[in-house]
Amino acid sequence: MTESRTFPSNVVIVDHPLVQHKLSILRDVATGAKEFRELIKELAMLEAYEATRSFQLAETTVTTPITQTTTKVLAGKKVAVVPILRAGLGMVEGILELIPAAKVGHVGLYRDPETLKPVAYYHKLPEDIAERDVLIVDPMLATGGSAVAAVEFLREKGARQINLLVILAAPEGIDEVVRNCEDVKIYTCAVDSHLNDHGYIVPGLGDAGDRLFGTK
Ligand code: PRP
Ligand code: URA
């Protein structure tokens, strides 16, 4: 099911057993909207844990109940979480629980069902986006059109350090992002087999937005 080919080093497949277990339940057509939302939140947290591994630390001094000691804290990293609407919204809360000081921007894109091209309908970013490490979040990377449009938009607004966190990717989407955004690091829980004629990931998990929000 998962692609066995190797990907460039800027593609990280988060293959932790907890992630793979939760992803299997997420894929199941019998999983309802409530559990689907919980799983997307948990998977987003686990991915963010991996995506923040390179954050810099600074030394500080703490007094424990026993003694004073030198220890480490995050070195003032400024982060923006940017969900691609709608389905990306499901990944925001979990990441904010880990990084409460992060600001949130929104990029509204929907995929035209005929052309599969992204159509932009909304955006609102933190004013200081150029100073922040950006985590674009969207559960699905299919053709890659939406992700590339989001990266290009963020770059126009000055963002430099951009990571893309998805739950599931198609090889076509990975190739598209790598081709157009070579400095963007991609995190995914799995890379599936291919896209079907309607641009859906196979085996995939169906329409992420509809499953999150119960719209179908
Ligand atoms: C889905 C998904 C991605 C996009 C991926 O959103 O959440 O944003 O499709 O497809 P792509 O890689 O081929 O661009 P959709 O357009 O269905 O909008 P929605 O979240 O509002 O349902
Ligand atoms: N968008 C989805 O929600 N699911 C897919 O499989 C592809 C695009």
Side-chain angles (χ1 to χ4, degrees), residues 1-3 7 10-11 13 22-29 31-33 35-37 39-41 43-44 47 81-95 104-125 134-155 162-182 184-216:
M1 180 202 297
T2 296
E3 268 286 301
F7 292 97
N10 59 331
V11 179
I13 299 174
K22 288 176 190 295
L23 179 59
S24 297
I25 306 170
L26 190 76
R27 290 180 187 276
D28 192 333
V29 68
T31 298
E35 196 179 2
F36 193 89
R37 273 195 295 275
L39 287 161
I40 289 276
K41 175 183 166 182
L43 285 165
E47 272 201 322
V81 183
V82 179
I84 301 179
L85 307 181
R86 291 175 297 166
L89 287 173
M91 297 176 69
V92 174
E93 190 187 334
I95 298 179
V104 181
H106 294 86
V107 174
L109 294 169
Y110 74 86
R111 206 169 65 146
D112 183 290
E114 299 300 324
T115 65
L116 301 184
K117 299 288 178 216
V119 182
Y121 61 90
Y122 180 78
H123 60 81
K124 186 84 180 176
L125 298 178
V134 175
L135 306 178
I136 298 177
V137 295
D138 189 331
M140 308 305 277
L141 177 61
T143 65
S146 304
V148 170
V151 169
E152 287 175 349
F153 171 72
L154 279 153
R155 282 213 187 108
I162 302 177
N163 298 282
L164 173 66
L165 275 60
V166 304
I167 304 290
L168 211 49
E172 294 90 331
I174 300 247
D175 290 343
E176 183 69 3
V177 176
V178 168
R179 194 164 42 243
N180 291 285
C181 324
E182 59 183 20
V184 169
K185 199 152 182 180
I186 307 168
Y187 294 85
T188 185
C189 302
V191 182
D192 274 6
S193 167
H194 63 280
L195 296 176
N196 69 14
D197 292 344
H198 304 287
Y200 277 86
I201 299 174
V202 180
L205 51 75
D207 188 303
D210 285 339
R211 292 194 67 185
L212 261 173
F213 299 113
T215 35
K216 243 183 209 158

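Just the heavy atoms: all of them, side chains too, but no hydrogens, waters or symmetry mates, feed the values below. As the structure lists them, so they are numbered: ligands from 1, and atoms in each ligand from 1.
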Between R111 and T143, is any side-chain donor less than 3.5 angstrom from a side-chain acceptor? no
With K22 via side-chain hydrogen bond (donor to acceptor under 3.5 Å, both in side chains) - residues at least two apart: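 With neighbours one apart ignored, the set is E42.
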What's the shortest distance from [atom] to any protein heavy atom, and which residue and atom give it?
atom: atom 21 (O) of ligand 1; value: R86 NE, 3.1 Å
atom: atom 17 (O) of ligand 1; value: D207 OD2, 4.2 Å
atom: atom 13 (O) of ligand 1; value: T143 OG1, 2.5 Å

Quick one: look at A208 and ligand 1, take heavy-atom pairs under 4.0 Å, and tell me if it's side chain, backbone, both or neither. neither
To the nearest 0.5 angstrom, please state how far the [atom1] atom of [X] sits from the [atom2] atom of [Y].
X: H194; Y: Y200; atom1: NE2; atom2: OH; answer: 14.5 Å
X: L85; Y: Y121; atom1: CG; atom2: OH; answer: 4.5 Å
X: L212; Y: L39; atom1: CG; atom2: CG; answer: 10.5 Å
X: R86; Y: H106; atom1: CZ; atom2: NE2; answer: 14.0 Å

Ligand-residue contact atoms, ligand 1 with [X], heavy atoms, under 4.0 Å:
X: R111; value: 10 (O), 11 (P), 13 (O), 14 (O), 16 (O)
X: M140; value: 2 (C), 3 (C), 5 (C)
X: A87; value: 7 (O), 20 (O)
X: Y110; value: 16 (O)

Quick one, P139 and M91 - any side-chain contact, counting heavy atoms below 4.5 Å?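 The answer is yes; the side chains approach within 4.5 Å.
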So L154 and V82, do their side chains get closer than 4.5 Å, heavy atoms only? yes
If we only consider heavy atoms of G144, is any one of them less than 4.0 Å away from an atom in ligand 1?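 Checking ligand 1 against G144, which is what was asked, there is a heavy-atom contact under 4.0 Å.
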The test is side-chain contact (heavy atoms from CB on, under 4.5 Å); show your working for L43 and E47 and say whether it passes. CA-CA 6 Å; L43 285 165; E47 272 201 322; 5.7 Å; no
Give a yes or no on whether atom 6 (O) of ligand 1 lies under 4.0 Å from any heavy atom of the protein.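 No, no protein heavy atom sits under 4.0 Å from atom 6 (O) of ligand 1.
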For ligand 2, protein residues within the heavy-atom limit of under 4.0 Å are R111, M140, A142, G199, Y200, I201, G206, D207, A208
Is it true that E152 and R155 make a salt bridge, defined as a side-chain N closer than 4.0 Å to a carboxylate O?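 No salt bridge links E152 with R155.
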Nearest candidate to atom 8 (O) of ligand 1, where distance is taken over non-hydrogen atoms, out of D112, D138, I84, V119: D138
Taking the minimum heavy-atom distance to atom 12 (O) of ligand 1, which of P118, A142, G88 ranks first? A142
Give the intermediate values and the outcome of side-chain contact (heavy atoms from CB on, under 4.5 Å) for residues D207 and M140. CA-CA 9 Å; D207 188 303; M140 308 305 277; over 6 Å; no
Less than 3.5 Å between some nitrogen or oxygen of S146 and one of ligand 1, yes or no? yes
Taking all heavy atoms of D192 and all of G204, pick out the closest pair and write down the distance.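 Smallest heavy-atom distance, with atoms named: OD2-N, 2.8 Å.
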